[in-house]
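To keep things clear, I will list the structure first and then write my remarks on it.
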Amino acid sequence: MVAKTMDQLVSLCKRRGFIFQNADIYGGMQGVYDYGPLGVELKNNLKQAWWRSMVYERDDIEGLDAAILTNRKVLKYSGHEDTFSDPMVDCKKCKGRFRADHIDGKCPNCGSTDLTEPRPFNLMFKTMTGPVESADNLAYLRPETAQAIFTQFKNVVDSTSRKLPFGIAQIGKSFRNEITPRNFIFRVREFEQAELEFFVMPGEDEKWHEIWKEARIKWWEEQGLKRENLNIYTTPKDDLAHYAKACYDIEYQFPHGMEELEGIANRRDYDLGNHTKGQEEFKLEAHVHENKESTTKLCIRDDDSNSWVVPYVIEPSMGVDRGVLALLTEAYKEEDLGEGNSRIVLKLKKHLAPIKVAVIPLKKNNEQIMAKCHEIKQNLLKLGIGRVALENTGNIGKAYRRHDEVGTPLCITVDFETIEQQPESVTIRDRDTMEQHRVNVADLPNYLRDYFAR
């Protein structure tokens, strides 16, 4: 059974060092969180799994890591300056402010119906570049990672000689001034995205939209999310974003309800069309902003027709933080062990586990046992499987429970038999079954290679 309440996850995350409230010692900062020692490992493992599937395992995608600071013109011609806002209402009684589409005619704080008319509120964070604060030096913290991919399209094509279809992938921080951040790390002001912009010939966009929908569902299942907890929501035509021809949302059953985990949009030629030089030369399908400032034609040659084409874009866009929350929700288990005993265990897929192996001494103040623990840890680190931790609490039962709770797949216990008998052997304990068996120390590298390759 997955986690049923957000309180279960928040408690676990703070207790075991996954996620902390930002600036907690000063009362916190709403909508901003810090990833602790284990949270950063889980998040990095999820990002690495995405990058491997997108960039390494495919032959049609390149990577990018673009700047967070964004030239104002980029967001002017993308339409963000004009449209990237939410309708907000204020409660005249309690002075609360809420998104108009999140309330039903009354204040969720005090119940008053004395509300202002909805007003647009821009979600982008402004900043200044250079020593002087002026309109000429205005820049933004990017509200999404996608725009840099579009503005670097021609550079990537020229440097890689890519032909359609191909994609550009990026993982990075984005910033949105959410008025009502909520549900832990689900909706926050500073977050991380993993976005792919997949460029295709006009006319092939609908086919690729379906291909990417199926590919992304399969990928989330490979990360451990059960299909029964996922839903595919097809956005009605009337609710589509202004740039989209069609959109699928992969939704997940979070503790607070079924909500979006990843969007897969058919963005048509809207983005490259907005940023390209010489818009009038191309038969753009999307309605774009007139652009007389771009210096580059964002197009690619179609060898079949020997003409220049502005590609359509299919965009699978995943929220990394929402992905972490979904993985924690799915993996969280409370198990009754009988005789009044129970345990909390995170049954994460082993490639995502923050700690891959814990090396545990049966007795922490025994010099020979501790020396052997250090030796084993250093040898296992050479395998490159991920983090190997030396657990030195001195209580084997508590050590097992701690590593169950943080999702460590295997625990290796070094005991007196290890140092007194030949050949040297250790006890390996499996997180999910709690079964234990002896393995020779010399065989550990091959054992773990085989285990993590399965």
Side-chain angles (χ1 to χ4, degrees), residues 3 5-14 17-36 39-40 42-43 46-47 68 70 75 80 83-91 94-104 106-111 115-116 118-127 140-146 171-195 241 249-263 317-329:
T5 70
M6 198 67 80
D7 288 344
Q8 290 174 313
L9 298 180
V10 172
S11 175
L12 173 67
C13 286
K14 183 174 183 180
F18 282 92
I19 302 167
F20 306 127
Q21 177 71 57
N22 175 265
D24 193 34
I25 64 172
Y26 294 110
M29 186 174 181
Q30 189 182 20
V32 183
Y33 290 90
D34 299 331
Y35 282 78
V40 68
L42 174 58
K43 190 176 187 182
L46 178 61
K47 291 190 290 185
I68 288 171
T70 304
L75 298 174
H80 282 77
T83 63
F84 205 69
S85 61
D86 281 336
M88 308 301 299
V89 298
D90 293 334
C91 175
C94 71
K95 309 305 180 185
R97 176 172 289 171
F98 313 95
R99 277 180 54 174
D101 57 342
H102 287 170
I103 63 175
D104 187 22
K106 66 178 181 179
C107 175
N109 281 350
C110 68
L115 308 175
T116 64
R119 293 170 295 177
F121 184 90
N122 196 290
L123 298 176
M124 294 192 294
F125 282 101
K126 296 179 180 179
T127 188
Y140 292 100
L141 303 184
R142 65 185 180 195
E144 62 181 30
T145 58
I171 301 175
K173 287 289 187 74
S174 296
F175 304 83
R176 296 181 186 177
N177 192 17
E178 295 283 356
I179 297 301
T180 54
R182 63 190 186 281
N183 295 321
F184 196 26
I185 58 172
F186 179 82
R187 187 178 298 280
V188 290
R189 293 189 170 107
E190 178 180 332
F191 57 98
E192 204 152 4
Q193 291 178 293
E195 290 195 306
D249 287 344
I250 299 178
E251 298 179 321
Y252 179 73
Q253 186 65 54
F254 291 98
H256 62 276
M258 185 72 75
E259 292 227 46
E260 180 187 349
L261 175 62
E262 174 169 346
S317 177
M318 156 188 143
V320 176
D321 305 88
R322 292 183 181 188
V324 170
L325 185 59
L327 293 174
L328 290 171
T329 301

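The basis for the numbers below is simple: all heavy atoms, side chains too, and nothing from hydrogens, waters or symmetry mates.
- No close placement of the F184 and F186 rings is indicated, their centers lying 6.0 Å or farther apart.
- Taking CG of L42 as the reference point, atom OH of Y35 lies at 8.5 Å (rounded to 0.5 Å).
- Judged purely by atom type and a 3.5 angstrom limit, T5 has no side-chain atom pairing as donor or acceptor with the backbone of A3.
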* To do: Step by step, work out the side-chain contact (heavy atoms from CB on, under 4.5 Å) result for R322 and E262.
  => CA-CA 9 Å; R322 292 183 181 188; E262 174 169 346; over 6 Å; no

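- When all heavy atoms of T70 and I68 are compared, the closest pair comes out as OG1-O, 3.0 Å.
- Between the R182 side chain and the R187 main chain, no donor and acceptor come within less than 3.5 Å of each other.
- With rounding to the nearest 0.5 Å, the separation of CG in D321 from NZ in K173 is 8.0 Å.
- No side-chain heavy atom of C91 sits under 4.5 Å from any side-chain heavy atom of N109.
- Nearest approach of V188 to G31, heavy atoms of both residues: CB-O, 3.2 Å.
- Side-chain atoms of T329 come within 3.5 Å of backbone atoms of L325 as a donor-acceptor pair (strictly under, hydrogens ignored).
- Separation of atoms CG (L12) and CD1 (I19) is listed at 9.5 Å; rounding is to 0.5 Å.
- Counting only heavy atoms from C-beta outward, the side chains of E144 and R176 approach each other to under 4.5 Å.
- Listed by chain and number, the residues in a side chain to side chain donor-acceptor pair (under 3.5 Å) with D90 are R97, R119 (sequence neighbours excluded).
- When all heavy atoms of P108 and I103 are compared, the pair lying nearest together is CD-CG2, 3.7 Å.
- Taking all atoms of both residues into account, the shortest heavy-atom contact from C107 to F98 is SG-CE1, 3.6 Å.
- Rounding to the nearest 0.5 angstrom, the gap separating the CE atom in M258 from the OH atom in Y252 is 9.0 Å.
- More than 12 heavy atoms of other shown residues, nucleotides or ligands fall within 6.0 angstrom of atom CE in M88.
- Residues N22 and R189 fail the side-chain proximity criterion, which asks for heavy atoms closer than 4.5 Å.
- Between the side chain of Q21 and the main chain of V32, a donor-acceptor pair closer than 3.5 Å is present.
- Scanning for side chain to side chain contact (heavy atoms under 4.5 Å, CB included) contacts around S317 gives Q193, E195, E315, with sequence neighbours left out.
- Atom CD of E192 sits about 9.0 Å away from atom CD of E190, to the nearest 0.5 Å.
- Ring geometry, F254 versus H256: the interplanar angle falls under 30°, so the pair is classed parallel (tilted spans 30 to 60°).
- Between the CG atom in D34 and the CZ atom in F20 there is a gap of 8.5 Å [rounded to 0.5 Å].
- Heavy-atom minimum distance, L46 versus G323: CD2-C, 3.8 Å.
- Side chains of L261 and M318 form no contact here, defined as non-hydrogen atoms less than 4.5 Å apart.
- The minimum heavy-atom distance linking P143 with L75 is given by the pair CD-CD1, 3.8 Å.
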